[in-house]
Amino acid sequence: MDKQHKKSRAPMPCQPPHVRNRNFDEVALGYDAETAREEASRCLQCKKPLCVTGCPVNVPIPEFIHALHENNLGEAYRLLKTANALPAVCGRVCPQEHQCEGKCILGRKGEPVAIGRLERFVADSHIAASACEQQTGTSACATPVKNLSVACIGSGPASLSCAGYCASQGLKVHIYEALHEAGGVLIYGIPSFRLPKNVVRSEVNALKELGVELHLDSVGGRTFQISELLKKHDAIFIGVGAGLPKFLGVPGENIVGVFSANEYLTRINLGRAYQFPTYDTPAYHGKIVTVFGAGNVAMDAARTALRMGAEEVHVCYRRTRAEMPARHEEVEHAEEEGVIFDMLVNPVAFHADENQRLKSVTLQRMELGEPDDSGRRRPVAVEGSDFEMKTDLAIVALGTRSNPILLEATDDLEKTKWGYIKVNEETGETSIPNVFAGGDIVTGAATVILAAGAGRKAGISICERLLGSGK
Amino acid sequence: MPVPIVEKESLIPGKTSKMVLHAPDIAQHAQPGHFVMLRMSENGERIPLTIADTDKEKGLITIVYLVLGKSTALLETLQPGDSILDVCGPLGKATHISQGGTVVCVGGGTGIAAMHHIAKGHHLAGNKVVAIIGARSRDLLLFEKELASFADELVVCTDDGSYGHKGFVTDQLKKTLDTDKSVHEVVAVGPVPMMAAVSSLTLPYGVHTTVSLNPIMVDGIGMCGACRVTVGGKTRFACVDGPEFDGHQVDFAELRLRLGAFRAQEQESMEAYRRSSNNG
C-alpha cells in the first residue's frame, strides 16, 4: 500500500450533486465489498484504541474492522451489535468526526479511518438477515419467557434499541407509538436522502419477527396512562423523544410561510408531501427559502427545500462555519447541492406581503464576542446593521424543548429543572419503580447513538430486574 | 390501529355526517374538549376532529364532520362495518369545568357537535347550561335533540329565519347576558368569525369566554407547531396547550390567515380526487 493511500480514506460514492438535489433517493451510495476491505486495511488496530473512547456506546471498533478485513462479515456484524442496536442507522447519521473518527490516530496526519462508512457497509450486508441475527448478530435468541412483558413508549432509536435487547433476551415486548408509522425521528425527521425509509423499516420488521407487538396511534398520557401500563406490563421504557419545536420569538413569525423545521420535514417525510397529490399531505413551496439554525435538522430542511424545487436556499446562522453543529458531511453535501450559507446573521422580524404571506425577513449582522457557557464564542449584534432579505418560505430549526403530554399526565414522574425526565444514570430507572427512560426525553435533543445507547442500557437493566441477569 | 365504524348518520345530506366509532381506549380517556387525529388511507393526511360524545361503557366515541376536502370526502365514503385506518387520541387539554353558575354554550355549524360534548360536561358537573345554536337555515342545524335532552335552556337561531329566532347566535347571546346575571362563562365553538364575534360581544360584560380552536394540525401531539396561535401575545400550540383558549386573548385574524395556508393545495387535492372518483 502506498503512502498516499494510507493517508486518505476511500471516497464515498455519491449521486452527483446536480442529480440528487432533485430527488429523495439516498445521496451516499455506500462502499462495495472491495472498497470496504481496502478501507478496513487502513486501520492500525491500535492496542489502546482511541476511537472506542470517542464512541458514546463504545462499539468494539478495531475488532469489527478486523473481522471485516478478514472477510468475516457475520462476526463484524455481531461485534457491532454487541454495543449498538442500530448500526445501519448510526453508520449513516452519527457525527463521526466528533466521535470515533475524531479520535482516530490516522486523523493526525491524514484522514481518519472511515469508521461510519464501514459500520454502514457491515450493517447493510445484514439487512436481509434473520430477525434474530439482525437484532443480535447471532442465530441464538432466547426463547420467549412466559408472563413477563415490557412496554416501550415511542418507537425512535431509544425505544427500538430497548425493545430489541429485551426481545432478544426472551421478554415479550409491546411498543406504543403515537404516530401512524413506527420509527420516530428516523421516519418523521431524517429525510430519506440521508436515511432511506427501508433501513428503518427493516429494523422495525426485525423486531416484529422477534415477536415484538406494535401499537400505533397510541399516545402515552392520552390513550393510556403509565399507571395503566404498569398493571399490564412488568416494566416500562419511556423513549418518547424531544418534542415541541422552539421558535425565535420575533415579530411576524406566525405569518403564513414561516414553519418549524419539524413541521416542514414531518409533512415531507412522514406525510410524503414530495409526492403530493398522490399523497394527500401538502407542503408549502418557496422560491427563496431561508433556514434558521445550523444543526443537522437545518441541513435536512435546506436540502429538502432544494429538492422541493426552491430556486435559492439560504442557511442563516448567527455564528460562523466553524461553530455549525451539523455533521461535516451534511454541510459539504448541502454546499455541493447549491445551498447558500449566510453566516453571522440573526433574524429580527418577518414581513408579509399584501396577501398576508411571507415576503421578507429583517436580518441583523452579528460578530463573535467572548466565549459563552458552551465554549463557543457568543454572537453579538452589530448595531444599525439591519437589512431586509426576500424570502417566501422560512424554516426555523432551532431545536426542541420537552414534549409535555406524558410528563404532565404523570405526576409522580420526577423531572429535571429543564423539564426532562430524571433517571438513575446507572440503570436508566425513573422515580417510578420499574419505569425506565432514555433518549432525548432524558437528555434533551441529542444524537441517535446516544438515544440508542440509553435504550440499550435501560434494556439491560430491565432484563436484570425481570430475569435476574443481563448479558 | 384501524377503528371500526359502528353507526353512521347523515345529518345534512352530502355535507355533514355523524359517526360512532368503537375505540375503547380513546373512549375510556376522552373528556369534553378532546379531539382525535384521523387518517383515512395509506396515502392520507392526518386531520383533527373534535370528539362530539363518548360512551365509556360501550367504548364508543362520536365524531361529526363537514365534508370540506379530500380527507373528509374519503371519510364520507365509509360505512358502518368499515374501519378508519388511523384514529389517534384523545388529544388536547380537556375542558376546564368549574362548578357553580350558568354556562352559556354557543355553537355554530359543525361546531355545535363539538360544543355538545363541552355542554354535557358542564351539565354533568352541575352547572346550568344555556345552549344557543345557529345555522344559516333549518336544514343545516345539528344536535338540537341531543342538546335539548339535557340543556336547561335551548335557543335556536337561523340566519334566514326558517326556524327559531331569525338572526345570529350573538343576538341571542346578548339577550341572555343582559337578562341573566348568573352567567359565569360563555363557551363558543364554530366558525372563526362566529367565535371572534362572540368574544368581542362578551368582553364588555367581563364574562370569561372559552373558544375551541380548529387550526391546521399535522401530528396533533405537539411536535410541529403547525397549529400555533397567538393568545395574549404569546405563541401557543392548540394541540397541546389547547384547543380551548380564552377568547378575549385569541388573535382570530391570524388564525383565519393560517387556516388558509394550504388552500390552493387543498383545492388541487380535492379536484384530483373528484376527477378520479368520477372516472372510477
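From a predicted model like this one, the values you see are computed outputs, not experimental measurements. Order of the sequence lines sets the chain letters (A, B, ...), proteins ahead of strands, with each chain counted from 1. These values consider heavy atoms only, across backbone and side chains, with no hydrogens, waters or symmetry-generated copies.
Ranked by heavy-atom pairs shorter than 4.5 Å toward chain B, the options A:Asn254, A:Thr266, A:Leu265 are led by A:Asn254. With respect to chain B, the highest number of heavy-atom pairs below 4.5 Å among A:Tyr264, A:Phe224, A:Phe247 belongs to A:Phe247. By number of non-hydrogen pairs under 4.5 angstrom with chain A, the leading residue of B:Asp219, B:Leu91, B:Val229 is B:Leu91. Chosen from A:Glu263, A:Glu228, A:Gln356, the residue pairing most often with chain B at heavy-atom distances under 4.5 Å is A:Glu263. When the candidates A:Leu214, A:Leu216, A:Thr223 are compared by the number of heavy-atom contacts under 4.5 Å with chain B, A:Thr223 comes out ahead. In terms of non-hydrogen atom pairs under 4.5 Å with chain A, the most contact-rich of B:Gly225, B:Pro90, B:Ala23, B:Gly260 is B:Pro90. Ranked by heavy-atom pairs shorter than 4.5 Å toward chain A, the options B:Asp25, B:Asp86, B:Thr230 are led by B:Asp86. Taking B:Thr235, B:Asp251, B:Ile47, B:Val36 one by one and counting their heavy-atom pairs under 4.5 Å with chain A, the maximum is reached by B:Thr235.
The environment of NZ in B:Lys58 is sparse: at most 12 heavy-atom neighbours from other residues, nucleotides or ligands sit within 6.0 Å. Atom CD of B:Gln99 is surrounded by 12 or fewer heavy atoms from other residues, nucleotides or ligands within 6.0 Å. Counted within 6.0 Å of NZ on A:Lys197, heavy atoms from surrounding residues, nucleotides or ligands total more than 12; the atom is thus considered enclosed. The number of heavy atoms from other shown groups lying within 6.0 Å of NZ (A:Lys415) is above 12.
With rounding to the nearest 0.5 Å, the separation of CD in B:Glu42 from OH in A:Tyr279 is 7.5 Å.
For chain A, the nearby part of B:Val87 is the backbone; its heavy atoms alone come within less than 4.5 Å. With a 4.5 angstrom heavy-atom cutoff, B:Leu74 touches chain A only via side-chain atoms. If you measure heavy-atom distances from B:Ile216 to chain A, the contacts under 4.5 Å come from the side chain alone. Contacts between A:Glu181 and chain B at a heavy-atom distance below 4.5 Å are absent for every atom of the residue. Residue contact with chain A, scored on non-hydrogen atoms closer than 4.5 Å, involves the backbone and the side chain of B:Arg258 alike. Within the 4.5 angstrom heavy-atom criterion, no atom of A:Val185 approaches chain B.
Shortest non-hydrogen contact noted between B:Lys70 and A:Pro277 is NZ-O, 4.4 Å. Residues B:Ser41 and A:Asp280 approach most closely at OG-OD2, 4.4 Å, considering heavy atoms. Between B:Ile221 and A:Ile405, the shortest heavy-atom contact is O-CD1, 3.6 Å. Here the shortest heavy-atom pairing between A:Thr278 and B:Asn43 reads O-ND2, 3.1 Å. Across B:Cys224 and A:Asn262, no two heavy atoms sit closer than the pair CA-CB, 4.0 Å. The heavy-atom pair separating B:Gly222 from A:Pro245 by the smallest distance is O-CD, 3.8 Å.
In terms of modelled atom types and a separation under 3.5 Å, the side chain of B:Gln265 and the main chain of A:Ala283 share a donor-acceptor contact. Looking at A:Arg222, its side chain never comes within 3.5 Å of a backbone N or O of B:Cys88 through a donor-acceptor pair. Between the side chain of A:Arg357 and the backbone N or O of B:Ala261 there is at least one donor-acceptor pair closer than 3.5 Å.
Each of B:Arg39, B:Met37, B:Arg46 was evaluated against A:Leu179; a single residue qualifies, B:Arg46, per the side chain to side chain contact (heavy atoms under 4.5 Å, CB included) test.
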message: Before you tell me yes or no, could you show the steps for A:Leu270 and B:Met223 under side-chain contact (heavy atoms from CB on, under 4.5 Å), namely the whole-Å CA-CA distance, both residues' side-chain angles and the distance that decides it to 0.1 Å?
response: CA-CA 12 Å; A:Leu270 179 73; B:Met223 282 163 34; over 6 Å; no
